[in-house]
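Contents: one structure, followed by commentary.
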Protein chains: 2
Amino acid sequence: MSQSDRTPRVRLVDVARAAGVSKTTVSDALNGAGRLPAATREHVQKVARALGYRPNATARLLRAGHTRLLGLAAREYVETPWVYADLAYFSQIVTATTQAALAHGYGVVLLPTYGPDDCWLDIPLDGVFVIDPVEGDPMVRDFLAAGVPVVADRRALAEVPVETREAGRWVDFDYGAAVRQVLDHLEAAGAERIAVVAGATTACFHQQSVRAYHEWCAERGREPRIACLPAPGVEHTLQAVTELLAAPAPPDALFTLVELSPPLLLDTIRRLGRSVPGDLLLVCTTEDSAACYTDPPISTLSFLPGETAQAAVDLLVDRLEGREGDPGHLFSADFRVRASSAVPERRGARRG
Amino acid sequence: MSQSDRTPRVRLVDVARAAGVSKTTVSDALNGAGRLPAATREHVQKVARALGYRPNATARLLRAGHTRLLGLAAREYVETPWVYADLAYFSQIVTATTQAALAHGYGVVLLPTYGPDDCWLDIPLDGVFVIDPVEGDPMVRDFLAAGVPVVADRRALAEVPVETREAGRWVDFDYGAAVRQVLDHLEAAGAERIAVVAGATTACFHQQSVRAYHEWCAERGREPRIACLPAPGVEHTLQAVTELLAAPAPPDALFTLVELSPPLLLDTIRRLGRSVPGDLLLVCTTEDSAACYTDPPISTLSFLPGETAQAAVDLLVDRLEGREGDPGHLFSADFRVRASSAVPERRGARRG
DNA sequence: CCCTTGTGCAGGAACGTTCCTTCACGAATA
DNA sequence: TATTCGTGAAGGAACGTTCCTGCACAAGGG
């Protein structure tokens, strides 16, 4: 049987007919509008309830001219169907975006990142938050061309035709500065051979981070020790760590840029016969709160998914509701120094 | 400035006027329908592109009669705004639901779990997946009353008026059986004092699990050792574990029903001076893949969020597209025995 | 008694599409 | 030449609301 076989939903006019009034009266009675005596209002409500009437959401939206729906897309792995929540960062972005949106009375739609061209334009959205847009991102371009406000980063907005740019807002992160902050900290704590584990994605976070690391090393004449993962996955990450630590003249500090369970990393390092922070200083880029419950607690670099999402939604809603508001927001990372990268006693406070 | 101040979007009729044709022709030309010579088609497309025309998604949906949008709601903590992705289970449900939905050409809307009555009915949805519905769940009731197909569990559907029940499909889990399976395994491995860490939510998972534990203990004349967390949070969980292990005649097996980072739990147990599995057998209910990379690897109980979500979406889409399909699907948990609960050498293979 | 004012409600346009029906016209056929 | 047929395109209804406009009627004031 097909969808149309089912008994069709009861509409406003059906209620009107049953109650012996016009659709105006029904609409007014149900929405608390118009000039109606209580008797009429109650009568209509009773009939509506008896018939099981529920207004059609789509029709209301068409009338209203807005949908109170915000799109959310993570573009990091555009080629794969969907990977949002595998990483704590995205997972928290999703949660925070949804919470912020709900607080403003908006719902959130998780957008496809692939599919037939423009397929996302079939979804009725008031605005969109695009995380990690790719270069010349068609999604950003399409939505802005369609007049749908977008929050992305400044680079993505700069790539878009000027005439459509007005509806764009941005949230930016200075990933390079965050990486340098961590490296400076490790250097100050006495580290001389800092190794880095990075992913291999197109995300500007990774690109900027790796570039910053290379520059930082070049400035000091240090040789970069970097492991770029062939693919996401716990086993690849642990494998990379193992190889880094097995090298001749092994690193005395490790800085992971990829999401990995901090207690698991600690466990792995110990199994390789190294102690933290005695033999190896450790800083993890992670959103996993387990980092501060290990022994020793692990220093973390966070890119504040919660704050980012909140700002993105605020920017979008300001724009949607006609408030001027800011054109965007620049964030700084949250670097928490804990025991895993504190200066170990037996090393002395600082070099030199 | 208000929203209406902005230059209004260009509509189908605007293109029609500009191209000197009727709206029928424009619609046909753009959608590849109708009988039009290539010349007309191209001309219309060129004009449309020049004007920057994008069809209005809401209007199309109203015509189409469906929205290709599926709602997703986790009702475990109905009173709080939104907590989906804080837990790996929900996080994976979200990911898997979205992937499955996209594969069928549907988008996913993350639904509010609180808010003004019926507020969810303002969202144009074709179907809804409700995880962990509460007793007499108003969301399930409202959607079914509105004729929107729902996937929930059998109990939730049984509470709904018979005449609206037809649109309901179910995915069920026998949580009690899963818990008994784990307890039997631990008993077979020689455990005599099995402690359990449970949450304190209204979710039927927790209710059924805890009940099963109590029944299992009663059948054997064992005294239950259960810690129910006052609130979600890593520190509460670790605190509960610490207290359980500090008790006189401490447990020789631990079974956690709440989400917790397995390597962190292992680390904590060791800090308390116990070894796994030597002093303490360990089974974690978790979706965290880190469990199999620790030393020793940790036995896990999984409730298969990926499979559950996939089944829910399939059920929904079958119903939406008029296929008969199954009324529901009953799942069994996935219990993976690893070294953390294997029979330790020095204990002997079995009791008795 | 006529004009105003207010109340209670109906009619119908509008939101922006899609698609069914109709129509005009030129070519082919009887 | 009259009839069919196919092609190209226009007109307008429909989707289900909301809301603007306006009508009928009763009450009140001059």
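As the structure is a prediction and not an experimental result, all values here were calculated from the model. Letters A, B, ... are given to chains in the order of the sequence lines, protein chains preceding strands, and every chain is numbered from 1. Side chains included, hydrogens not; waters and symmetry mates left out as well; all remaining heavy atoms used.
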Cation-pi, B:Trp120 ring and B:Arg75 (6.0 angstrom, 45 degrees): yes

B:Arg319/B:Glu166 ion pair, N-O < 4.0 Å: yes

A:Asp314 and A:His104 side chains, donor-acceptor separation under 3.5 Å: yes

A:Glu135 atom CD: more than 12 heavy-atom contacts under 6.0 Å: no

Degree of bending, the helix from C:dC1-D:dG30 to C:dA30-D:dT1 (end axes from five pairs; round to 10°): 70°

Distance (rounded to the nearest 0.5 Å) between B:Leu111 CG and B:Leu125 CG: 5.5 Å

Interatomic distance where CG belongs to A:Leu121 and P belongs to C:dT17 [whole Å]: 13 Å

Contact check, side chains of B:Leu330 and B:Val171, non-hydrogen atoms, under 4.5 Å: no

Separation of atom CZ in A:Arg17 from atom C1' in D:dG16, rounded to whole Å: 13 Å

Nucleic acid contacts - residues 42-55 of chain B versus DNA chain D, non-hydrogen atoms under 4.0 Å: none

Straight-line distance of B:Leu62 CG to A:Leu61 CG, nearest 0.5 Å: 9.5 Å

Between P of D:dT17 and CG of B:Asp122, the distance in whole Å: 12 Å

Between the protein and nucleotides 25-28 of chain C, which nitrogen or oxygen pairs come in under 3.5 angstrom?
none

Partner residues of A:Val148 under the side chain to side chain contact (heavy atoms under 4.5 Å, CB included) criterion, sequence neighbours left out: A:Val128, A:Phe143, A:Ala146

B:Leu61 CG - C:dC15 P separation (whole Å): 18 Å

Side chain proximity check, A:Arg17 to A:Arg11, heavy atoms < 4.5 angstrom: yes

Interatomic distance where CG belongs to B:Asp14 and C1' belongs to C:dT17 [whole Å]: 13 Å

Under 4.0 Å protein heavy-atom contacts per nucleotide of nucleotides 7-13 of chain D, with B for base, S for backbone only and - for none: BBBBBBB

Short side-chain N/O contact to C:dT18 OP1/OP2 from B:Asn31, under 4.0 Å: yes

Euclidean distance, atom CZ of residue A:Arg11 to atom C1' of D:dG16 [Å, nearest integer]: 8 Å

Side-chain ion pair, A:Lys46 and A:Glu42, N-O less than 4.0 Å: no

Show me, pair by pair, the donor-acceptor contacts under 3.5 angstrom made by side chains of residues 31-40 of chain A, not counting sequence neighbours?
residue: A:Asn31; atom: OD1; partner: A:Arg60; partner atom: NH2; Å: 3.3
residue: A:Asn31; atom: ND2; partner: A:Ser27; partner atom: O; Å: 3.2
residue: A:Asn31; atom: ND2; partner: A:Ser27; partner atom: OG; Å: 3.4

Separation of atom CG in A:Asn56 from atom C1' in D:dC15, rounded to whole Å: 8 Å

Full working for salt bridge (charged side-chain N to carboxylate O under 4.0 Å, His left out) between B:Arg154 and B:Asp172: CA-CA 7 Å; B:Arg154 266 181 294 192; B:Asp172 263 21; 3.0 Å; yes

pair B:Thr164-B:Arg141: side-chain heavy atoms closer than 4.5 Å: no

Atom pair distance, as rounded to whole Å: CZ in A:Arg41 and P in C:dG8: 10 Å

Value rounded to 0.5 Å, distance of CZ in B:Arg9 from CG in B:Asn56: 5.5 Å

